[in-house]
Amino acid sequence: MSFWLSLCFSRSFITQAIINLMLCLFIVYFMCVYFVHVTDVRLRQPVSFHTRYFQTSANHRDELLTVKTPAFAESVTEGDVRWEKAVGDTVAEDEVVCEIETDKTSVPVPSPAAGVLEELLVEDGGRVEGGMALFKIRKGAGPSSVFICPQVKMNRMRLRIAQRLKEAQNTCAMLTTFNEVDMSNITEMRAFHKDAFLKKHNIKLGFMSAFVKASAYALADQPSVNAVIDEATKEIVYRDYVDISVAVSTPKGLVVPVIRNVETMNFADIEKTINALGEKARSNQLAVEDMDGGTFTISNGGVFGSMFGTPIINPPQSAILGMHGIFQRPVAINGKVEIRPMMYVALTYDHRLVDGREAVTFLRKIKAVVEDPRVVLLDM
Ligand SMILES: *[C@@H]1O[C@H](CO)[C@@H](O)[C@H](O)[C@H]1NC(C)=O
């Protein structure tokens with residue numbers, strides 16, 4: 001027992017124990033430091049990754065800059081901020097964003113780059129010292145990425161068009177039927193006679209006259225397409241005349257002047273009338289009477305190169321014919337493929353009044369007349 005005691009408390013044993021303890025403490029300390037360092041790096045990694053990710057995926061010009069309070073003159077340590085700009089404002093490079101009012105003077109703080117103010121880090125009137133963060137600016141997000149959409153008031157004509165088109169949709173049970181027209185014969189006829197026609201009538205021979213005349217013919221054949229519902233009396237009003245509204249686009253919008261009594265006109269009369277009305281429309285001289293009382297409308301999207309589309313009824317009418325562009329297309333003729341100048345035509349009609357059979361027959365009549373205009377001469 002006395003041996004063990006003497007051993008334990010011997011001088012060399014105590015020294016050894018202290019040295020061992022200190023070694024242990026050092027090891028623990030280094031382990032702690034290493035652990036903290038590793039954890040720190042791990043925690044930081046995603047953050048730095050995100051930063052890089054944003055910088056590369058977004059336009060790298062769109063960098064976020066933090067602008068600090070400039071150092072003041074020696075005797076001045078602080079000042080009050082007066083903002084000249086607000087968050088969202090676009091600023092140019094060197095444009096003043098705020099003034100810092102110190103005891104002696106007012107220090108303007110310019111933007112280091114062109115961009116958009118993202119955040120103000122000090123409230124208006126707030127106190128700042130040199131070096132304090134003032135605001136954040138998104139560099140590069142300048143006027144090039146800020147679009148100001150032009151806004152103009154709807155003019156009376158646009159308002160009226162909008163009102164009437166919506167009225168058509170709300171009132172009619174509209175649907176559309178289609179067909180296609182082989183324009184070979186009428187193209188050939190036009191090519192053959194256009195010079196003589198121009199010489200005699202002093203206007204160009206177009207395709208419109210053929211469709212207007214064909215419509216008058218088909219409307220006489222299918223009177224319900226030329227009729228209208230009288231909403232007040234719940235009667236169907238059949239007309240014994242054909243007044244065709246022709247859609248003409250003008251700088252102010254679409255207008256629909258009327259060609260009256262088309263049933264009594266020949267191709268030359270129709271072309272002359274269309275020409276005169278078009279002239280009036282373009283020079284803004286159409287009177288209200290010129291656009292009143294059509295019984296049917298023709299809209300020619302072909303002038304803009306349209307291939308196919310569904311026109312909308314021009315109220316209070318019951319149907320509208322849509323013409324489209326003439327394109328060379330392969331078609332089957334007597335079992336052979338031939339390339340012909342073709343046009344799709346569409347008839348939108350009010351199904352409350354016009355039956356499918358009438359609409360389809362109407363459009364087939366148009367096709368027959370335009371493909372072979374002699375049909376009209378022979379009244380077939
Ligand atoms: C073109 O007119 C001729 C008569 O001249 C007729 O036989 C032919 O069917 C017409 N073409 C088309 C595509 O209807």
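Ligands are counted one by one from 1 in listed order, and the atoms in each one are counted from 1 as well.
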Start with the C-alpha gap between H201 and F197, add the side-chain angles, then the distance that decides, and say whether ring-ring contact (aromatic ring centres under 6.0 Å, His included) holds.
CA-CA 6 Å; H201 300 292; F197 188 89; 4.6 Å; yes
So for atom CZ, which belongs to R364, do other residues, nucleotides or ligands contribute more than 12 heavy atoms lying within a distance under 6.0 Å?
no
Are I298 and V212 side-chain neighbours, meaning at least one heavy-atom pair lies under 4.5 Å?
yes
Does the protein come close to atom 9 (O) of ligand 1 - that is, does one of its heavy atoms sit below 4.0 Å from that atom?
no
For atom 13 (C) of ligand 1, what is the closest protein heavy atom, and at what distance to 0.1 Å?
D182 OD2, 3.3 Å
Specify the protein heavy atom at minimum distance from atom 6 (C) of ligand 1: its residue, its atom name, and the distance to 0.1 Å.
N185 ND2, 4.0 Å
Any nitrogen or oxygen of R374 lying under 3.5 Å from a nitrogen or oxygen in ligand 1? Just yes or no.
yes
Which is closest to atom 14 (O) of ligand 1 by heavy-atom distance: E371, K367, R340?
E371
Those residues that, when tested against F72, pass ring-ring contact (aromatic ring centres under 6.0 Å, His included) (two or more places apart)
none
Aromatic contact, Y344 with F327 (centres under 6.0 Å):
no
